[in-house]
Amino acid sequence: MSGGPLVLGIETSCDETGVALVRAHDDRSELLVDAVASSMDEHARFGGIIPEIASRAHLEAMVPTIERALSEAGVALSDVDAVAVTAGPGLVGPLTLGASAAKALALGLGVPLYGVNHVIGHAAVDELVDGLFPDRVMALVVSGGHSSLLLVDDVVTGVTELGSTLDDAAGEAFDKVGRLLGLPYPGGPHIDRLARAGDPTAIRFPRGLTAPKDQAAHAYDFSFSGLKTAVARWVEARQDAGQPLPLEDVAASFAEAVADVLTAKTIAACRRHDVSTLVVGGGFSANSQLREMAAKRCAEAGIDLRIPPIRYCTDNGAMIAALGAAVVRRGLPASSLDLAVDSSMPLTQVLV
């Protein structure tokens, strides 16, 4: 095949089995195909992810998803030059399934294996859309399990974690508030839909870790547990008083508080570190209020905002293949075939 090395990416950190093929050119990463099989419907009745169910779903979906990706891309398995796989963070069972498949492929094909960081992949996927990163970018990665602010001098070798969530991540808070409001799982899309019809100024919910006393130690950290509790108390007070619950206004005011904190802290970090490009990724970056507020505040601050299309925001193989392509482009040593997965893999460790 002509062009740069062909990287097969495998993502299995949670409930999506993602397989993608990316060609690592010298000056760009080219996505050939992104195939995903999700077990979300199997978890919905439990109100959350069940690791054993997710692991079994990955086992059943792995080979068919790989075959589908190869077929849609019009390439043979023998054309693959490298295999990248999520090594962490994530659920141990699903991670182990993906790593086992990747090791078998790398060994059978005689190609290098790269175990990479799932969270950094959420930022790296934007290179497939908007081109390779400039010398320095800020990355805000927000999802069901992570709310992280990263200073990226190099997407593989130069990632500094400036802040993270101290309790509930943004997506996790949305799921919990969704359950509180009687919405189906996952709560994020349903709250987003309701919020678009509500008044974001109707209720003034708290903004965690934004008080002057918090700035010294937690300037770039996030906390949404108190916000979740404030929503619960507000709802309970309305119900106890026998008053109707304005779902749209509650959803809009809650979503506004989350987006306000995320964007305010991120813009402050960009200014302090003299960064002119912001990348927003992760499943929660599909939230419409976050996208709109980030666009507005970045425009006001003169910051170039890069948010990939929604289909790249949730877990997918493209993000892992994109990060794998970045590793291949830098000529770094491959991971060992006995690499171990790490459910709490630090964000400063991009490659195992």
Side-chain angles (χ1 to χ4, degrees), residues 5-24 31-40 42-43 49-122 124-125 312 314-328 333-343 345 349-352:
L6 184 62
V7 181
L8 173 69
I10 296 176
E11 154 60 22
T12 61
S13 65
C14 194
D15 61 312
E16 275 90 16
T17 305
V19 178
L21 290 158
V22 166
R23 197 166 290 285
L31 177 65
L32 302 187
V33 67
D34 180 33
V36 177
S38 177
S39 61
M40 176 60 72
E42 297 179 50
H43 305 279
I49 303 300
I50 307 300
E52 292 81 1
I53 293 177
S55 297
R56 185 167 61 249
H58 287 306
L59 183 62
E60 294 172 351
M62 184 60 67
V63 171
T65 308
I66 291 173
E67 292 177 341
R68 175 158 57 97
L70 293 168
S71 175
E72 291 179 7
V75 300
L77 190 57
S78 58
D79 293 323
V80 172
D81 298 301
V83 178
V85 65
T86 300
L91 301 174
V92 171
L95 287 172
T96 301
L97 260 296
S100 298
K103 291 174 183 179
L105 286 168
L107 182 63
L109 294 171
V111 299
L113 170 71
Y114 299 99
V116 298
N117 192 300
H118 167 86
V119 176
I120 309 303
H122 273 304
V125 72
Y312 295 131
T314 54
D315 295 346
N316 57 79
M319 57 190 262
I320 302 307
L323 187 51
V327 173
V328 169
S335 302
S336 170
L337 283 175
D338 64 355
L339 79 88
V341 299
D342 185 354
S343 61
M345 188 174 178
Q349 182 182 11
V350 179
L351 172 67
V352 177

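Predicted model only: the values in this text are computed from it and were never measured.
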**Prompt:** Any chance the side chains of Ser13 and His118 put a donor and an acceptor closer than 3.5 Å?
**Reply:** yes
Could you give the distance from [atom1] ([X]) to [atom2] ([Y]), rounded to the nearest 0.5 Å?
{"X": "Ser100", "Y": "Leu95", "atom1": "OG", "atom2": "CG", "answer": "10.5 Å"}
{"X": "Leu8", "Y": "Leu77", "atom1": "CG", "atom2": "CG", "answer": "7.5 Å"}
{"X": "Met345", "Y": "Ile120", "atom1": "CE", "atom2": "CD1", "answer": "8.5 Å"}
{"X": "Thr65", "Y": "Ile10", "atom1": "OG1", "atom2": "CD1", "answer": "10.0 Å"}

Which atom of [X] lies closest to which atom of [Y], heavy atoms considered:
{"X": "Thr12", "Y": "Pro94", "answer": "OG1-O, 2.7 Å"}
{"X": "Ala318", "Y": "Ala20", "answer": "N-CB, 3.3 Å"}
{"X": "Arg68", "Y": "Ala35", "answer": "NH1-CB, 3.7 Å"}
{"X": "Ala69", "Y": "Val19", "answer": "CB-CG1, 3.8 Å"}
{"X": "Leu323", "Y": "Gly121", "answer": "CD2-N, 3.8 Å"}
{"X": "Ala37", "Y": "Ala61", "answer": "CB-CB, 3.9 Å"}

Give a yes or no on whether the backbone of [Y] and the side-chain of [X] come within a donor-acceptor separation of less than 3.5 Å.
{"X": "Asp81", "Y": "Leu6", "answer": "yes"}
{"X": "Arg23", "Y": "Ala325", "answer": "no"}
{"X": "Asn117", "Y": "Gln349", "answer": "yes"}
{"X": "Asp315", "Y": "Glu16", "answer": "no"}
{"X": "Lys103", "Y": "Leu113", "answer": "no"}
{"X": "Thr96", "Y": "Val92", "answer": "yes"}

**Asked** Which residue, Val7, Leu105, Leu21, Val75, forms the side chain to side chain contact (heavy atoms under 4.5 Å, CB included) with Val80?
**Response** Leu21
Do [X] and [Y] have side chains that get closer than 4.5 Å, going by heavy atoms?
{"X": "Val352", "Y": "Asp342", "answer": "no"}
{"X": "Thr17", "Y": "Met62", "answer": "yes"}
{"X": "Tyr312", "Y": "Asp34", "answer": "yes"}

**Item:** Step-by-step side-chain contact (heavy atoms from CB on, under 4.5 Å) determination, Ile320 to Val116
**Value:** CA-CA 7 Å; Ile320 302 307; Val116 298; 3.7 Å; yes
